[in-house]
Number of protein chains: 2
Amino acid sequence: MFTLAEENYLKAIFHLEHDSAGEVSTNAIAESMDTRPSSVTDMIQKLAEKKLLTYKRYKGVKLTKEGIKVAANVIRKHRLWEVFLVEKLNFHWDEVHEIAEQLEHIQSEELITRLDKFLGSPDFDPHGDPIPDKHGVLKRTEKRLLSEIEKNQQGVCVGVKESSAEFLQYLDKKKISIGTKISVLGKEFFDGSMIIQVGADQFFISKMVAENLFVQTL
Amino acid sequence: MFTLAEENYLKAIFHLEHDSAGEVSTNAIAESMDTRPSSVTDMIQKLAEKKLLTYKRYKGVKLTKEGIKVAANVIRKHRLWEVFLVEKLNFHWDEVHEIAEQLEHIQSEELITRLDKFLGSPDFDPHGDPIPDKHGVLKRTEKRLLSEIEKNQQGVCVGVKESSAEFLQYLDKKKISIGTKISVLGKEFFDGSMIIQVGADQFFISKMVAENLFVQTL
DNA sequence: TTTTATATTTAGGCAAGACTAAAAAAATAT
DNA sequence: ATATTTTTTTAGTCTTGCCTAAATATAAAA
């Protein structure tokens, strides 16, 4: 149906649209895909012809209904495979991204239907990201960034914003994973750092960490 | 490591080497891959430079140790994924080939190690074909073609030579699958057809069928 | 507003992997 | 042994998806 490159562009644009509202710029796509702006221009012209996004020269792009559907489906496959890798093959959550990047391009409706069922139709992937349903609809949640939580409040970790292996390994070292209860004991206003409690341990985390952890307040 | 196209050529050549001894011809490769001889020449020259096969102009090719290893690994992945699809996702044995053709190219040693363990380190795929181990070694079996079995002997179906969906669906209709006991009641010499018994049913099968079913005699 | 900087697009090329058409080698037939 | 057929290779093209360099549009600064 679509080439690997096309699917990757649609996925990247989908993510960029969710991070920041409005049109997505050529440069932003190039940066997120580690490619050159000129290559991006080539591809978005091709995708515009296929009606997967709307494009006006110098004005950035926006996915069409169809483009959103295709992108969401790739993301659905990516996240379902991540669940498979973690739940069934016992991979750790910091090891699954690259493999899922490959598996997400396997073409078979039936495969995904059955995989979803085999996994018990999960709503979230191992990093707490929601899995779109067949129609591309995401389950919305009440999640907030840990950095938005006030002193003396507490929350349960429900996901990560960044999911680089480095960050996930840091979280492991601190014994933080999906479902972990976190209490905010103190907050420095000048640099956004925090003192938090996880289990019996109390420790310092930087603003960068607090801004990449999603929690649900209790 | 290797491109999708390279892996597919190596796999095709590996199979051709096993079907008929000696060098594999350009035309044979082209036919088995549904491509043009000139394309094959291009690719085998490239693979020869990479030392995956030996090639002399007009003389055909032969895989090197390294080429065999790479091909066997692709086949190992293909067959393991087929087991997964049938055993875990409840696909039928005639539905899994195309999907496994895609999955076989996923690059991750660790993935295959874990998948193999998850599946209980199977020795055979759903069609009865042996799964190479990590080193490319196939478990040898005593299987013979049903067509070689004499009247009044019996055997257990252990695999199929052809695994087209059409043939597998024919076998289903006749209630023949891996593990099914088959008794040869009669054999026509002039056309190679047979009368066989499967469970309580007795019926006629053509030479073509008998030549594509592997059995182990009892 | 004019200049400067930044973002984007165009033009032209490259590599992979396919193709067709034509040339050359090998195999087969006379 | 020569002629014919078949197989294989070479030469030249095409498409996809990327690149660099140069041109152009937009945005920011003076």
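Order of the sequence lines sets the chain letters (A, B, ...), proteins ahead of strands, with each chain counted from 1.
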Item to check | Heavy-atom check, side chain of B:L168 versus side chain of B:H127, under 4.5 Å | outcome: yes
Less than 3.5 Å apart, which donor and acceptor atoms pair up between the side chains of residues 19-34 of chain A and the rest of the protein, not counting sequence neighbours?
| unit_1 | atom_1 | unit_2 | atom_2 | d |
| --- | --- | --- | --- | --- |
| A:S20 | OG | A:L16 | O | 3.4 |
| A:S25 | OG | A:A28 | N | 3.0 |
| A:S32 | OG | A:I29 | O | 3.2 |

Item to check | Nearest-neighbour nucleotide for the A:Y58 side chain, D:dT24, D:dT8, C:dC19 considered | outcome: D:dT24
Checklist entry - DNA chain D: A:L4 or B:N27, which has the more 5' nearest nucleotide? => result B:N27
Item to check | Nearest-nucleotide pick for B:D42, side chain only, options being D:dA11, C:dA18, C:dT9 | outcome: C:dA18
Checklist entry - In residues 47-57 of chain B, what residues come within less than 4.0 Å of DNA chain D, judged by heavy atoms? => result B:Y55, B:R57
Item to check | Nearest to side-chain heavy atoms of A:Y9, which nucleotide of C:dT9, D:dC18, D:dT9 | outcome: D:dC18
Item to check | Evaluation steps, salt bridge (charged side-chain N to carboxylate O under 4.0 Å, His left out), between B:K187 and B:E150 | outcome: CA-CA 8 Å; B:K187 205 169 168 182; B:E150 297 312 315; 3.7 Å; yes
Next on the checklist: Quick check: do A:Y9 and A:L53 have side-chain heavy atoms less than 4.5 Å from each other?
Outcome noted: no
Next on the checklist: Quick check: do B:V96 and B:F84 have side-chain heavy atoms less than 4.5 Å from each other?
Outcome noted: no
Checklist entry - Tell me: CD of A:E23 to P of D:dT26, nearest whole Å? => result 14 Å
Next on the checklist: Taking NZ in B:K50 as the centre, count heavy atoms belonging to other residues, nucleotides or ligands within less than 6.0 Å. Is the count above 12?
Outcome noted: yes
Checklist entry - Which listed nucleotide (D:dT8, C:dC19, D:dC19) is nearest to the side chain of A:S39? => result D:dC19
Checklist entry - What is the distance from CD of A:Q45 to C1' of C:dT10, rounded to the nearest Å? => result 9 Å
Next on the checklist: Using whole Å, what does the distance between atom P of nucleotide C:dA16 and atom CZ of B:F2 come to?
Outcome noted: 14 Å
Item to check | Among D:dT10, C:dA26, C:dT20, the nucleotide that comes nearest once only the side chain of B:R36 is considered | outcome: C:dT20
Item to check | Of A:M43 and B:S25, the one whose closest DNA chain D nucleotide lies more 5' | outcome: B:S25
Checklist outcome for this item: From the candidates C:dT9, D:dT8, C:dC19, the one with an atom nearest any side-chain atom of B:T26 is D:dT8
Checklist entry - Please give, in whole Å, the distance from D:dT8 C1' to B:E31 CD? => result 15 Å
Checklist entry - Any donor-acceptor pair under 3.5 Å joining the side chain of B:T41 to the base of D:dT10? => result no
Checklist entry - Any idea which of D:dT9, D:dC19, C:dA18 is nearest the A:T35 side chain? => result D:dC19
Checklist entry - What is the distance from CD of A:E6 to C1' of D:dT15, rounded to the nearest Å? => result 12 Å
Checklist entry - Do B:H78 and B:D125 have side-chain atoms, one donor and one acceptor, less than 3.5 Å apart? => result no
